[in-house]
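The chains referred to below are lettered A, B, ... by the order of the sequence lines, with proteins before strands, and numbering in each begins at 1.
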Amino acid sequence: MSWRSTFKTILIPIVSILLVFVIWDLIIRAFAVDAFVAPSPLDALQSVRDSWSQIWPLTLATIRETVYGFVIGAVLGFLLAVLMAQAKTVQNLVYPVLITSQAVPVIALAAPLVILLGFGLGPKIVIVAWIVFFPVAVSVLDGFANVDRDLVNLAHVMGGSRWRVFLLIRIPATVTPLFSGLKIGATYAVTGAIIGELVASTGQSLAGFQRTANGNLDTATVWGTTLVMTSIGIGWFLLVVLIEHVATPWRYRATRRRLGFRQSSTHSETTP
Amino acid sequence: MTAGTPKLRVEGATKAFDGSIALAPTTLAIQPGEFVSFVGPSGCGKSTLFNIVSGLLTPDQGSVLLDGVDITGTAGNVGYMLQKDLLVPWRSVIDNITLGAALTRGTTKADRTQAIDFAQRYGLGEFLDHYPHALSGGMRQRVALMRTLATNHDVLLLDEPFGALDAQTRFEMQQWLLEVWSETNRTVVFVTHDVDESIFLSDRVLVMSPRPGRVTDELTIDLPRPRTLDVLTQPGFIAAKQRILVGLTGAAA
């Protein structure tokens, strides 16, 4: 990556986030907002640092719910799209169920899930998966519909069997739309986990921690916890973007990386 | 051309879509190693004819014979290349060239060796690991032709392969195609809108007309090979061009 594109892809987003914090801080100062109404960003961050030993294990739990639910939802969404792509009849059969599932208010889903699955990881994972599978299924299904007809025809003319054309042409063609779906899912996944924690938790959770802080009128911690939750979402999104870069090299590189040809620049930098 | 079993024979093939005739009964024979072009306006049935020969379409009547064997309606018997290069974006140049093998039986070391050999012989050796998006239009068409050659079919169907290229690149590609053709001993069936291109490349030109799609004229081009730029101004070239143009515009009137 050239210096210029490094600047564009990494530095500019960081600057824009910092800018949000600066504006937040300016608003607090300009209107002299009381600390128990809304804290300054530094106060919110300070509160996170102060109760880090409590927040960290709860954050790990939220990450676990997010990741498990995300992976299950993504796999399910992808498989559903593959299934629907096989025949128009299957698609007509499955699609209404897909839409209906998303019409169910997720918050209203939590209570029945607790009755079914108890207060553990179960309901949170289901909620996250419930939210994530939809954009993935829709994007991948779109991907199947948009595979270049001429390319599929060419593959058949070249003697490709239905199965090989599916494996070598149709499936790889859905990878780019798959990642669009995954990125949308990644931003919603944490929200799903927190909703699950709010409704289906006995209190040992990030959402429960925030509720306690709220009860104690500890506004800085309330905001600080929100920042932590947001960070999980951003971190997960960035990880998906990173995986996308590794999984779809043809979109970012001119040449295929050959095995055994890794650049060794990173090693030379670490040697003293 | 010597009489014998033609490489490719189309016998009374017809095709209609929704009652309108896309291809009237068509019979033609193409000899081994021959370079035959079809010229004609849109809707003259040349794509239908191509799709019948490639096996994408089954004719309503008639048959297609390759080396005397009936291949009507079956794919995988001929090489096929379109104006769109249709390179697979996620496969590198070498993996695009070996696509035919991957689609039929899995790529072997021999396939890769052959692909590298083709690529190096025809000026793509430096780009084996490039993805298609990093190549120019002319280079992409070269890779597409390499891919068609690598399927090792004797007959290559080329449907306006250079239609999207600028004039300069197009002329380079035409000369390059003739070079590849003479070295690899394939039979080429070529479709184009471009009359000059059809004469410059071919042993024989078939003129097609629409409504219904059919072959209306046929002429042998006996200009000497190898052909260079000079050919374009020779009397034989001009005469052929005039006859084809009359055939095309007469049909349109």
Turns out that what part of B:D95 lies under 4.5 Å from chain A's heavy atoms comes down to side chain
Whatever's closer than 4.5 Å to a heavy atom in chain B on A:N153 counts as both
Counting heavy atoms not belonging to B:I21, are there more than 12 under 6.0 Å from its CD1? no
For A:D150 and B:L82 the tightest heavy-atom approach is CB-CD1, 4.5 Å
Check: So with a 6.0 Å cut-off around OH of B:Y122, is the heavy-atom count from everything else above 12?
Finding: yes
Okay, A:I169 and chain B: the region with an atom under 4.5 Å from a heavy atom over there is both
Bottom line for B:A75: the part with an atom under 4.5 Å from chain A's heavy atoms is both
If one checks every heavy atom of B:S54 against chain A at 4.5 Å, the contacting part turns out to be both
Answer yes or no: is there a side-chain heavy-atom contact under 4.5 Å between B:K84 and A:L154? no
To the nearest 0.5 Å, atom OG1 of A:T248 lies from atom CH2 of B:W90 at 12.0 Å
The interface call for B:H133 against chain A, heavy-atom contacts under 4.5 Å, is side chain
Check: Hey, is the main chain of B:H130 close enough, under 3.5 Å, to the side chain of A:R256 for a donor-acceptor pair?
Finding: no
Answer key: most heavy-atom pairs under 4.5 Å with chain A among B:A102, B:G106, B:A134 is B:A102
>> Can a donor-acceptor pair be found, under 3.5 Å and without considering hydrogens, that links the side chain of B:H153 to the backbone of A:M158?
In response: no
Bottom line for B:L135: the part with an atom under 4.5 Å from chain A's heavy atoms is neither
Pair up each side-chain donor or acceptor in residues 55-62 of chain B with any protein partner under 3.5 Å, not counting sequence neighbours, and list the distances.
unit_1: B:D60; atom_1: OD2; unit_2: B:A16; atom_2: N; d: 2.7

Has B:E183 got more than 12 heavy atoms of other residues, nucleotides or ligands less than 6.0 Å from its CD? yes
Honestly, the part of B:R91 sitting under 4.5 Å from a heavy atom of chain A is side chain
To the nearest 0.5 Å, atom CG of B:D85 lies from atom CG of A:L151 at 10.0 Å
Okay, B:T151 and chain A: the region with an atom under 4.5 Å from a heavy atom over there is side chain
Original post:
In this structure, are over 12 heavy atoms from other groups packed under 6.0 Å from A:F166 atom CZ?
Top reply: yes
